[in-house]
Visitor: 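The structure that follows is given in the form of structure tokens.
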Amino acid sequence: MSRLWHWSRRCSRIFTRPNSSLASQLNSVTDADALHFSKILSSPSSVLSTLPSISTSPEELDIYNNDWMGKYCGKSTTVLKPKTTEEVSKIVKWCNDKRIGIVPQGGNTGLVGGSVPLRDEVILSLSNMTQVRSFDPISGILVTDAGCILQTLTDYVAPHNHIMPLDLGAKGSCQIGGNVSTNAGGLRLLRYGSLHGSVLGLEVVLPDGTILDQLTTLRKDNTGYDLKQLFIGAEGTLGIITGVSILTPPAPQASNNVILALPRFENVLPLYKTVKRQLSEILSAFEFIDRTAYDLAVKHGQGRALSEEEVEGAECFVLVETSGGRREHDEEKLNDLLESLLEAEEPLINTGVLAQNPAQFSSLWALREGVTEAVSKEGKAYKYDISVPLSTFKECVDLTRERLRSKGLLNDDQVRAVIGYGHVGDGNLHLNVIAKAYTPEIQDALEPFVYELVASHRGSVSAEHGIGAMKTHALHYSKDETSIAWMKKIKAIFDPNGIMNPGKVLE
Amino acid sequence: MRPSTTRLLNILVPVKRAVDYAVKIRVNPQQTGVDLNVKHSMNPFDEIAIEEAVRIRERLPKGSEPVTITALTIGPPKSVETLRTALAMGADAAFHIELPETAPAPEPLGVAKAVQAIIEKQLNSVDMVILGKQSIDDDLGQTGQMLAGLLDWGQATYASKVDLDLEQKNAVITREIDGGLEQVCVKFPLIVTTDLRLNEPRYASLPNIMKAKKKAVTKLTPADLGVSFKPQMEVIKVTEPPKRVGGTKVESVDELVEKLKAAGFTAVS
């Protein structure tokens with residue numbers, strides 16, 4: 001009983017957006033539907049439903065209905081966990097016929113409310129589709145079910161000396177189907193590019209139940225329109241990805257990382273230029289965290305902290321990672337870079353620490369990757385994942401903080417901290433406002449302020465997190481009317497009944 | 001103002017380059033050991049030893065006479081990296097007893113004799129030797145104790161806390177033992193071996209890494225010291241532990257009882 005209270009308390013009701021006209025034409029799951037699902041799915045554990053025929057207890061559906069941040073709550077009565085593509089196809093066909101909304105769900109680690117229902121749509125979880133279908137160690141091409149967890153795939157290809165082309169903090173829970181559906185970015189994008197490049201083929205169940213099999217393992221295939229690109233980043237609104245064919249790069253033989261302490265934010269840009277030039281092909285990550293973000297990560301035990309001396313006077317930190325084929329070669333380049341940085345006439349850095357062994361390598365990364373978790377332990381986060389010019393990173397954080405201060409919201413009971421961190425190399429800033437609780441006041445102070453700020457820099461209101469339910473109304477800040485009109489036309493062609501993840505991405 | 005009664009403190013820290021603890025080790029095809037073609041780094045307990053030596057220096061009141069920390073390693077040419085790490089963490093100088101690439105790994109008795117030789121022939125005076133309690137590749141855990149025996153010095157092993165009294169010339173050390181914690185007081189000169197909870201080693205900061213490049217590393221051969229690393233032990237066979245078999249789910253209490261009985265478990269009452 002107390003767990004149910006806890007889950008319902010965690011979720012605020014502030015984020016129910018006005019229902020789109022499509023969504024209001026959809027039907028709820030009936031008991032007859034639930035019975036039908038349990039017949040077409042091979043395993044009884046594939047159907048969770050609070051409806052009478054199945055009678056699952058409501059608490060069991062909580063983890064599917066609530067998003068990772070505790071910001072978005074769905075009210076689905078039924079969660080389906082098919083084991084094969086055919087089962088997914090049957091479910092979707094039925095739902096299309098009966099006009100029942102479907103929310104495809106992977107690891108449910110999304111940060112924009114795209115993976116949970118807005119109302120009582122059926123949740124179709126890919127968690128039971130966990131087979132690796134094939135791996136070719138020569139080409140590095142991996143074909144897998146959509147429900148495989150990213151870390152599992154990383155471990156799978158490791159003995160063959162390959163790595164996944166993407167890496168993000170949620171790797172222990174997020175699934176590859178979800179990664180592809182959201183065109184996830186992450187820490188390796190700088191080096192290996194986006195999923196639009198590394199995904200070679202997809203198997204998708206379309207909104208009418210048809211299975212679209214484009215699961216090719218060909219590196220090059222210019223035969224007609226490249227349909228898979230539509231599904232990559234469509235956030236489950238055009239179809240459900242059930243299989244992925246992806247190119248995995250060779251694992252670096254040598255990895256190193258270093259955290260640099262900068263006295264002033266203004267040094268980040270020149271530092272990036274220097275690092276890029278001197279490290280060139282071995283640079284694999286360049287991440288930035290401001291001082292507050294670092295302090296938070298340390299406070300919540302995310303990784304071992306640097307010493308007091310080392311962080312004194314640091315306004316922000318940069319984590320640089322190198323990955324290359326030969327340890328000695330990489331170390332030489334890295335050492336030369338670090339020497340030149342320290343011995344420069346006007347040093348860009350105060351100091352830094354270099355990992356001496358794999359354990360320290362992980363610990364330094366934990367300081368950066370753990371910021372997200374530290375934020376959620378500190379309070380309720382408003383996350384703005386924006387692409388803006390690198391030179392404006394600090395300004396965006398400062399202006400947002402000032403805005404909240406001027407509204408009297410910057411205090412321990414309302415907004416506790418405003419921090420910035422992110423993928424400098426990709427021009428992607430994660431602006432986080434950490435509040436004690438989600439309130440309409442704070443929301444109104446932040447939106448549309450932040451979106452307008454981003455638009456003023458011709459930036460993106462969602463660099464990598466996607467639109468989900470959170471930013472459907474903000475799409476126009478980054479895409480013009482023509483673009484949005486054509487998106488809606490494409491959506492109507494694929495999903496005339498509007499059953500696929502209703503209310504997400506497009507209003 | 002009372003004149004300082006502290007004198008120069010000399011600490012020796014032997015360190016070992018071992019397979020990194022994060023590596024997933026595999027038994028080699030000959031079943032004589034593990035595949036060594038993997039990442040190596042300083043034995044974690046030796047890192048703790050260096051860290052403790054540096055902290056001892058930092059804990060001394062300002063104005064005390066300086067503390068000299070000397071690191072020492074025995075191994076192939078690559079082992080010098082381990083010394084660089086030690087120097088970057090705060091050691092002042094280092095010795096590298098170089099062995100050929102193909103030589104077998106030194107055993108505790110050989111190491112202890114070599115450390116004894118360094119102390120007696122190369123260093124002016126040593127007040128304290130801090131070693132890791134064991135190395136994570138052979139897990140033998142004998143070197144510190146053997147060294148104490150050879151030198152006839154007091155020892156405190158599995159240390160989780162070290163407090164020096166320079167005036168009294170002794171140390172009070174808390175040891176981790178099976179029953180809990182034990183405190184011993186040992187006169188200088190002494191041997192200390194480190195346990196996990198003694199401290200958390202620091203990151204090597206860039207300025208220190210740069211400085212470390214300029215610190216002295218003295219190379220020696222076993223012949224220079226008059227010691228031999230001829231193995232006294234022969235590894236006959238190394239095998240992996242039996243693979244874990246998956247568990248099974250049972251549908252009812254009766255089935256559980258049946259399976260337990262089949263596996264040979266009997267009820268107590």
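Chain A is the first sequence line, chain B the second, and so forth, proteins listed ahead of strands; every chain is numbered from 1.
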Visitor: Would you mind checking which part of A:Ala305 comes under 4.5 Å of any heavy atom in chain B, side chain (CB onward), backbone (N, CA, C, O), both or neither?
Guide: backbone
Visitor: If every non-hydrogen atom of B:Pro207 is compared with every non-hydrogen atom of A:Gly352, which pair is closest and at what distance?
Guide: CD-O, 4.4 Å
Visitor: What's the shortest heavy-atom distance between B:Leu206 and A:Val353, and which atoms?
Guide: CG-N, 4.1 Å
Visitor: Could you list every donor-acceptor pair linking chain B to chain A (distance under 3.5 Å, backbone and side chains)?
Guide:
{"from": "B:Glu47", "atom 1": "OE2", "to": "A:Asn357", "atom 2": "ND2", "distance (Å)": "2.8"}
{"from": "B:Thr85", "atom 1": "OG1", "to": "A:Gln356", "atom 2": "OE1", "distance (Å)": "2.9"}
{"from": "B:Glu200", "atom 1": "OE2", "to": "A:Arg304", "atom 2": "NE", "distance (Å)": "3.0"}
{"from": "B:Pro201", "atom 1": "O", "to": "A:Arg304", "atom 2": "NH1", "distance (Å)": "2.2"}
{"from": "B:Pro201", "atom 1": "O", "to": "A:Arg304", "atom 2": "NH2", "distance (Å)": "3.4"}
{"from": "B:Tyr203", "atom 1": "OH", "to": "A:Arg304", "atom 2": "O", "distance (Å)": "2.8"}
{"from": "B:Tyr203", "atom 1": "OH", "to": "A:Ser363", "atom 2": "OG", "distance (Å)": "2.7"}
{"from": "B:Ala204", "atom 1": "O", "to": "A:Leu354", "atom 2": "N", "distance (Å)": "3.2"}
{"from": "B:Leu206", "atom 1": "N", "to": "A:Gly352", "atom 2": "O", "distance (Å)": "2.7"}
{"from": "B:Lys213", "atom 1": "NZ", "to": "A:Glu339", "atom 2": "OE2", "distance (Å)": "3.1"}

Visitor: Where does B:Pro44 contact chain A at under 4.5 Å (heavy atoms): side chain, backbone, both or neither?
Guide: neither
Visitor: Quick check on B:Ile25: does its CD1 atom have over 12 non-hydrogen neighbours (other residues, nucleotides or ligands) under 6.0 Å away?
Guide: no
Visitor: May I ask you to name which of A:Ile259, A:Leu260, A:Leu354, A:Leu306 has the most heavy-atom pairs under 4.5 Å with chain B?
Guide: A:Leu354
